[in-house]
Amino acid sequence: MNQDEFFMREAIRLSELAVEHGNEPFGAVLVKDGAIAYSNENQIYTGFDPTFHAEAGLLRSFCAETHITDLSAYTLYSSCEPCFMCCGAMVWTKLGRLVYAVSDMELCDILGEKGAACCRIVFENSAWKPRVTSGVLREESLEILTRYFKKHAKG
């Protein structure tokens, strides 16, 4: 198993924990120098905050706790392609790299929605452009998202 798969497996595990805790199945892991620096799961329902996505919540909490606001040396692993809000936070924190499993287009297909929030749109139109790797452990994360959203509405 390579490093991307190792850390993505943890993000996917967190997405399952999010469901167990009463939230939507999204998880994120922040990594630096081959070690987990911080992790977070979606908390929109338990936190009564529709903006507490796994990625944005992770970035807010990590930066507040560590006082580190330049994340150019970090990689963020996400079980699903981040929304525009979360991508904006990645730009503002100068994230070095983003790795995700399932694309937002695939999530929209599951939800029966049109118009995906492709992270590359945000990054291409911003001064800071994190490197992006997609599709890591896609099938594993896709199965969790499909299973959850067959029974639950989004948001």
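Any value given below was found using the heavy atoms of this structure, including those in side chains, with hydrogens, waters and symmetry copies removed. For reference, positions follow the sequence shown, starting with 1.
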Partner residues of [X] under the side chain to side chain donor-acceptor pair (under 3.5 Å) criterion, sequence neighbours left out:
X	answer
Thr133	Arg97
Glu140	none
Glu41	His21
Asn42	none

Joint hydrophobic cluster, Trp92 plus Tyr38, side-chain heavy atoms closer than 4.5 Å: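 In one cluster with Trp92: Tyr38, no.
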Would a 4.5 Å heavy-atom cut-off, applied to side chains only, mark Asn40 and Phe26 as touching?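 Side-chain contact under 4.5 Å: no.
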Atom pairs and distances, side-chain donor-acceptor, residues 148-155, under 3.5 Å, sequence neighbours left out:
| from | atom 1 | to | atom 2 | distance (Å) |
| --- | --- | --- | --- | --- |
| His152 | ND1 | Tyr148 | O | 2.9 |
| Lys154 | NZ | Glu24 | OE1 | 2.6 |

Kindly give the cluster partners of Phe48, where membership spreads through any ILVMFWY side chain lying under 4.5 Å from a current member.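 Phe48 shares its hydrophobic cluster with no other residue.
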Using side-chain contact (heavy atoms from CB on, under 4.5 Å) as the criterion, list what pairs up with Lys32, not counting sequence neighbours.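 Residues passing side-chain contact (heavy atoms from CB on, under 4.5 Å) with Lys32: Ala73, Tyr74.
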With sequence neighbours left out, what residues match Glu143 under side-chain contact (heavy atoms from CB on, under 4.5 Å)?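 For Glu143, the residues satisfying side-chain contact (heavy atoms from CB on, under 4.5 Å) (neighbours in sequence not counted) are Arg147.
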Mind jotting down which residue pairs meet the salt bridge (charged side-chain N to carboxylate O under 4.0 Å, His left out) criterion with at least one end in residues 107-131? Sequence neighbours excluded, please.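 Residue pairs with at least one partner in residues 107-131: there are none.
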Who pairs with Tyr77 by ring-ring contact (aromatic ring centres under 6.0 Å, His included), at least two apart in sequence or on another chain?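 Residues passing ring-ring contact (aromatic ring centres under 6.0 Å, His included) with Tyr77: Phe7.
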Quick one: which residue pairs count as a ring pair (Phe, Tyr, Trp, His ring centres under 6.0 Å) with a foot in residues 97-131, not counting sequence neighbours?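 Sorted pair list comes back empty.
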Please list, one pair per line, the donor and acceptor atoms closer than 3.5 Å that link side chains of residues 54-62 to other protein atoms, with sequence neighbours excluded.
| from | atom 1 | to | atom 2 | distance (Å) |
| --- | --- | --- | --- | --- |
| Glu55 | OE2 | Ser78 | OG | 2.5 |
| Ser61 | OG | Gly57 | O | 3.0 |

